[in-house]
Amino acid sequence: MTVYNSVGYSQDILDRFWSKVIPPVHENDCWIWNGLTDKNGYGTFTNKGNSIRAHRFSYECFNGCFNKNLLVFTFM
């Protein structure tokens, strides 16, 4: 799997994050979060003491800094 890093996270943070992701078997399958979830079922990831939802962290890896005016959807 190619790891994207549009924001410039350190390799140890990327390794820790992606170790909690189960990539899809088929192209149209979902990426499964295998880490902690919050009370609403959203995947959460801690980076430098700050909790961020996993789908937002993933968005930043692929697209750059997250714009809080955007919505990033997850399907549960």
Side-chain angles (χ1 to χ4, degrees):
M1 171 176 61
T2 302
V3 175
Y4 295 90
N5 190 7
S6 294
V7 178
Y9 291 117
S10 66
Q11 190 61 49
D12 63 315
I13 290 171
L14 291 171
D15 290 345
R16 193 164 49 85
F17 176 82
W18 290 108
S19 73
K20 298 173 184 344
V21 176
I22 301 170
V25 174
H26 304 289
E27 183 177 339
N28 293 324
D29 288 349
C30 294
W31 296 62
I32 305 298
W33 178 250
N34 198 29
L36 295 175
T37 57
D38 66 14
K39 65 181 180 179
N40 298 313
Y42 286 98
T44 59
F45 180 71
T46 302
N47 178 21
K48 297 181 181 177
N50 297 315
S51 182
I52 183 171
R53 287 187 168 168
H55 62 285
R56 290 184 176 188
F57 187 91
S58 176
Y59 175 94
E60 287 187 343
C61 288
F62 286 92
N63 299 292
C65 290
F66 184 75
N67 179 338
K68 295 191 185 227
N69 293 322
L70 297 176
L71 295 174
V72 177
F73 290 97
T74 60
F75 297 94
M76 294 185 258

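Numbering of residues begins at 1 and proceeds along the displayed sequence.
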- Taking the side chain from D38 and the backbone from N40, do they hold a donor-acceptor pair closer than 3.5 Å?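 It does hold such a pair.
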- Message: With a 3.5 Å distance limit and no angle check, can you tell me whether R16 reaches the backbone of T46 through a side-chain donor-acceptor pair?
- Response: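 Such a contact is found between R16 side chain and T46 backbone.
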Taking only residues two or more places apart in sequence or in another chain, which ones pass side chain to side chain donor-acceptor pair (under 3.5 Å) with [X]?
X: N50; answer: none
X: S10; answer: D12
X: D15; answer: Q11

- For the atom pair CZ (R53) and CH2 (W33), what is the distance rounded to the nearest 0.5 Å?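 CH2 of W33 is found 13.0 Å from CZ of R53.
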- Message: Show the nearest heavy-atom pair for residues C65 and Y59, with the distance to one decimal.
- Response: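 Nearest pair, atom of C65 first, then Y59: O-CE2, 4.3 Å.
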- Closest heavy-atom contact between I13 and K48?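 Looking at all heavy atoms of both residues, the shortest contact is CD1-CE, 4.2 Å.
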- Message: According to ring-ring contact (aromatic ring centres under 6.0 Å, His included), who are the partners of F45, at least two apart in sequence or on a separate chain?
- Response: F17, F57
- Co-members of I32 in a cluster of I, L, V, M, F, W and Y side chains, linked at under 4.5 Å: I22
- Which residue pairs pass the salt bridge (Lys or Arg N to Asp or Glu O under 4.0 Å) test when at least one of the two sits in residues 23-37, sequence neighbours left out?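 Residue pairs with at least one partner in residues 23-37: there are none.
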- In the single-linkage hydrophobic clustering (I, L, V, M, F, W, Y; side-chain heavy atoms under 4.5 Å), do W31 and L36 co-cluster? no
